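Taking it in order: structure first as structure tokens, then the write-up.
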Amino acid sequence: LAVLGVERDTRDGHYLYRRVEDFPHGPPLQCGNLAGVHAWLAGLLGTDGAPLVQHRAGGANPKKGGAHRAGGDSSQWRRLKQKHEEFSRLLHDLAQQNAAEEARRGADVKQ
């Protein structure tokens, strides 16, 4: 877990996102929207992350017919999906690296 979102007031729908304290990578994070979280993750992973943020801001969800109803481009959706899959793989790789680092630290402590 890298980022935690906590609702500011009960059931108001506004969240404050922060980097989890025991997540050792990246600069501190404190923002009030997912675009800020996406930008922080993109900076951490060295990617631009723009397609993910644009998709959220655009509001046309092709899975719900939004892109087709709004005249959206299905090739644009495929590119977005590819970027999302790439972003997910990078997050997975980062998690595996963190786990390996933790295992090494644990082995060093035992010695």
Side-chain angles (χ1 to χ4, degrees):
L1 184 64
V3 176
L4 180 66
V6 178
E7 195 168 20
R8 288 190 246 175
D9 291 318
T10 305
R11 298 180 65 159
D12 81 342
H14 294 96
Y15 289 80
L16 178 61
Y17 298 94
R18 292 188 178 139
R19 183 185 74 182
V20 176
E21 286 184 25
D22 60 349
F23 185 74
H25 304 286
L29 169 70
Q30 186 169 340
C31 65
N33 58 43
L34 287 175
V37 174
H38 290 167
W40 181 83
L41 285 169
L44 183 68
L45 297 171
T47 64
D48 64 9
L52 294 175
V53 175
Q54 289 173 358
H55 173 67
R56 290 290 295 179
N61 186 345
K63 285 188 173 182
K64 295 182 180 178
H68 298 292
R69 268 189 266 136
D73 180 2
S74 63
S75 65
Q76 182 182 14
W77 172 246
R78 280 192 295 276
R79 285 190 304 274
L80 176 63
K81 186 176 178 185
Q82 289 170 343
K83 280 289 192 180
H84 175 71
E85 289 168 355
E86 177 185 345
F87 200 71
S88 294
R89 279 192 302 274
L90 289 169
L91 283 175
H92 176 74
D93 292 348
L94 181 61
Q96 285 185 324
Q97 289 172 2
N98 288 341
E101 187 176 313
E102 288 293 321
R104 278 193 298 275
R105 278 192 225 147
D108 290 344
V109 169
K110 289 179 182 178
Q111 292 177 359

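Bear in mind that the values here come from a model prediction, so they are computed numbers and not experimental data.
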Indicate yes or no: at least one non-hydrogen side-chain atom of [X] is less than 4.5 angstrom from one of [Y].
X	Y	value
Phe23	Leu44	yes
Val3	Val20	no
Val37	Tyr15	no
Leu94	His25	yes

Find the distance between [atom1] ([X]) and [atom2] ([Y]) and round it off to the nearest 0.5 Å.
X	Y	atom1	atom2	value
Asp93	Leu45	CG	CG	9.5 Å
Leu90	Glu85	CG	CD	12.0 Å
Asp22	Asn98	CG	CG	10.0 Å

>> Is it the case that over 12 heavy atoms from other parts of the model lie below 6.0 angstrom from the CD atom of Glu21?
In response: no
Mark yes or no for whether [X], through its side chain, and [Y], through its backbone, hold a donor-acceptor pair below 3.5 Å.
X	Y	value
Arg19	Ala2	no
Asp9	Asp12	no
Glu7	His14	no
Trp40	Pro27	yes

> Would you call Glu86 and Arg89 a salt bridge, taking side-chain N to carboxylate O under 4.0 Å as the test?
Replying inline: no
>> Minimum heavy-atom separation for Leu16 and Gln30, please, with both atom names.
In response: CD1-CG, 3.7 Å
